[in-house]
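Residue numbers start at 1 and run along the sequence shown. Every value quoted in this text rests on a predicted model; they were computed, and no experiment measured them. These numbers come from the heavy atoms of this one structure, side chains and all, not from hydrogens, waters or symmetry mates.
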Amino acid sequence: MLKQIGPRIFVVTPEDSPRYPYGNCLYVEDDIPAVLDLGAGGRAFQEIPCEKVQLALISHSHFDHLHGDSFFPRAGLYAGKEESKTYSDENEYLKFHGYELWAEMMPGIKRVAFSEVKPLPDDVPVKPGFRYIPLAGIFKDMERFQLGKTEITAIHLPGHTTGHYGFWIEKEGILFSGDMDLVVAGPWYSSNSADIGQLVSSVQRIREINPGLIVPSHRRLIFDKIEKRLDQYIGVVFKRQERILDLLKEAHTIDELLEYQMVFHGRRDIYLLFWEKMTLRNHIRFLLWEGMVEEVEKGRYKRC
């Protein structure tokens with residue numbers, strides 16, 4: 001579905017709910033036609049003239065933001081400098097996701113392709129996993145793209161991943177926030193590239209930008225109670241951390257913390273188990289850095 005939200009600016013909404021493997025995207029119909037992110041799905045992209053799009057700005061290197069690149073044969077793809085190597089170097093891709101830690105985190109469990117765990121709909125043209133994606137260029141924080149009457153500024157919002165960006169259309173007060181998506185379940189910070197301290201800082205930066213409209217990747221448009229929604233969003237992280245600190249009055253391993261199901265509840269496939277462990281690992285890394293916990297013996301942590 002196509003929804004106009006400003007002069008020359010349209011949200012491309014997936015036919016189904018904007019959840020993995022789909023995400024909302026933006027289409028800017030200007031002198032230089034552009035799209036922001038590539039994960040709306042083939043059926044949704046049929047509503048825009050894909051062959052005319054000249055520029056694609058990618059928020060970060062996750063599959064649900066990338067899989068539609070083949071729909072835009074004339075577009076130059078641009079990504080944040082922090083993650084640029086993940087598009088051309090498989091080792092960087094594996095490190096970025098944390099998959100080089102799989103054997104350590106998931107002993108005795110073989111990693112199979114994610115598409116075998118979660119089948120994909122027919123309008124997603126490729127499968128998850130490393131593939132070479134040629135970039136026309138990279139961008140950095142506060143870099144501006146002049147498309148004609150529309151100017152877009154890349155805003156570095158790390159935490160979800162190290163090179164996660166939002167895109168700020170200041171004249172219209174619109175922030176495309178990517179996976180800083182303000183969902184009720186809170187942020188996803190389950191990769192090796194995620195960082196809790198950066199996540200908190202990125203929420204604060206969105207406050208300072210003070211957008212009138214947020215277009216997130218995985219929920220509906222947000223135009224009211226933005227401060228309250230930001231509080232609720234990062235509050236999930238703070239509450240989880242308080243729970244971890246309470247448990248760490250006694251020494252625990254990450255595997256022991258896993259049993260409390262603080263991230264994903266109910267039955268969990270191998271990837272959900274891995275991501276929950278990675279989330280807990282990221283909390284432990286942050287708490288060690290802050291001097292709030294200590295490693296009392298290898299792999300066992302306790303509150304200071």
Looking only at heavy atoms, what is the nearest atom pair of [X] and [Y], with distance?
{"X": "N282", "Y": "A194", "value": "ND2-CB, 3.7 Å"}
{"X": "P134", "Y": "L77", "value": "O-CB, 4.1 Å"}
{"X": "Y233", "Y": "P187", "value": "O-CD, 3.2 Å"}
{"X": "D37", "Y": "C25", "value": "O-SG, 3.4 Å"}
{"X": "T161", "Y": "S191", "value": "CG2-OG, 4.4 Å"}
{"X": "S202", "Y": "P158", "value": "OG-O, 2.5 Å"}

Just by distance, do the side chain of [X] and the backbone of [Y] share a donor-acceptor pair under 3.5 Å?
{"X": "S84", "Y": "I138", "answer": "no"}
{"X": "E90", "Y": "F130", "answer": "no"}
{"X": "T150", "Y": "Q146", "answer": "no"}
{"X": "E104", "Y": "L101", "answer": "no"}
{"X": "E47", "Y": "M1", "answer": "yes"}
{"X": "H164", "Y": "D179", "answer": "yes"}
{"X": "E294", "Y": "V296", "answer": "no"}
{"X": "Y20", "Y": "F63", "answer": "no"}
{"X": "R303", "Y": "E250", "answer": "no"}
{"X": "Q261", "Y": "G266", "answer": "yes"}

Exercise. Could you walk me through whether V12 and V35 pass the side chain to side chain contact (heavy atoms under 4.5 Å, CB included) check?
Worked result: CA-CA 9 Å; V12 186; V35 291; 6.0 Å; no
Answer yes or no: is there an ion pair linking [X] with [Y], defined by an N-O contact shorter than 4.0 Å?
{"X": "K140", "Y": "E143", "answer": "yes"}
{"X": "R144", "Y": "E151", "answer": "yes"}
{"X": "D89", "Y": "K95", "answer": "no"}
{"X": "K302", "Y": "E295", "answer": "no"}
{"X": "D255", "Y": "K277", "answer": "yes"}
{"X": "R43", "Y": "E15", "answer": "yes"}

For this session: Give the intermediate values and the outcome of side chain to side chain contact (heavy atoms under 4.5 Å, CB included) for residues L248 and I244.
Result: CA-CA 6 Å; L248 291 183; I244 291 170; 3.8 Å; yes
Among side-chain atoms of [X] and [Y], is any donor-acceptor pair under 3.5 angstrom?
{"X": "N192", "Y": "R281", "result": "yes"}
{"X": "D64", "Y": "H218", "result": "yes"}
{"X": "Y22", "Y": "D123", "result": "yes"}
{"X": "S217", "Y": "D181", "result": "no"}
{"X": "T86", "Y": "S61", "result": "yes"}

Exercise. Step by step, would you call Y165 with E82 a side chain to side chain donor-acceptor pair (under 3.5 Å)?
Worked result: CA-CA 10 Å; Y165 277 77; E82 296 84 359; 3.0 Å; yes
Exercise. Quick one: ring pair (Phe, Tyr, Trp, His ring centres under 6.0 Å) partners of F96, sequence neighbours excluded?
Worked result: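 By the ring pair (Phe, Tyr, Trp, His ring centres under 6.0 Å) rule, F96 matches H62.
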Problem set entry | Listed once per pair and sorted, the salt bridge (charged side-chain N to carboxylate O under 4.0 Å, His left out) pairs that draw on residues 201-214, sequence neighbours left out |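 Matches after skipping sequence neighbours: D141-R205, R207-E227, R207-D231.
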Hey, can you tell me if [X] and [Y] have their rings parallel, tilted or perpendicular (30° and 60° cut-offs)?
{"X": "H60", "Y": "H65", "answer": "tilted"}
{"X": "F167", "Y": "F176", "answer": "parallel"}
{"X": "F274", "Y": "Y99", "answer": "tilted"}

Problem set entry | R111 atom CZ, neighbour heavy-atom count above 12 within 6.0 Å |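 Yes.
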For this session: Answer yes or no: are there more than 12 heavy-atom neighbours, outside R19 itself, under 6.0 Å from its atom CZ?
Result: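 No, not enclosed.
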Problem set entry | Within the 6.0 Å centroid threshold, strictly below: Y87 and Y93 |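 No, ring centres 6.0 Å or more apart.
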Problem set entry | salt bridge (Lys or Arg N to Asp or Glu O under 4.0 Å) assessment of E256 paired with R300 | CA-CA 9 Å; E256 288 167 347; R300 293 186 68 82; 3.3 Å; yes
For this session: May I have the step-by-step check of side chain to side chain contact (heavy atoms under 4.5 Å, CB included) for D30 and I9, ending in yes or no?
Result: CA-CA 9 Å; D30 213 320; I9 303 167; over 6 Å; no
Exercise. So which of Y189, F264, F114 actually passes ring pair (Phe, Tyr, Trp, His ring centres under 6.0 Å) with W275?
Worked result: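 Going through Y189, F264, F114 one by one, the ring pair (Phe, Tyr, Trp, His ring centres under 6.0 Å) with W275 is satisfied by F114 alone.
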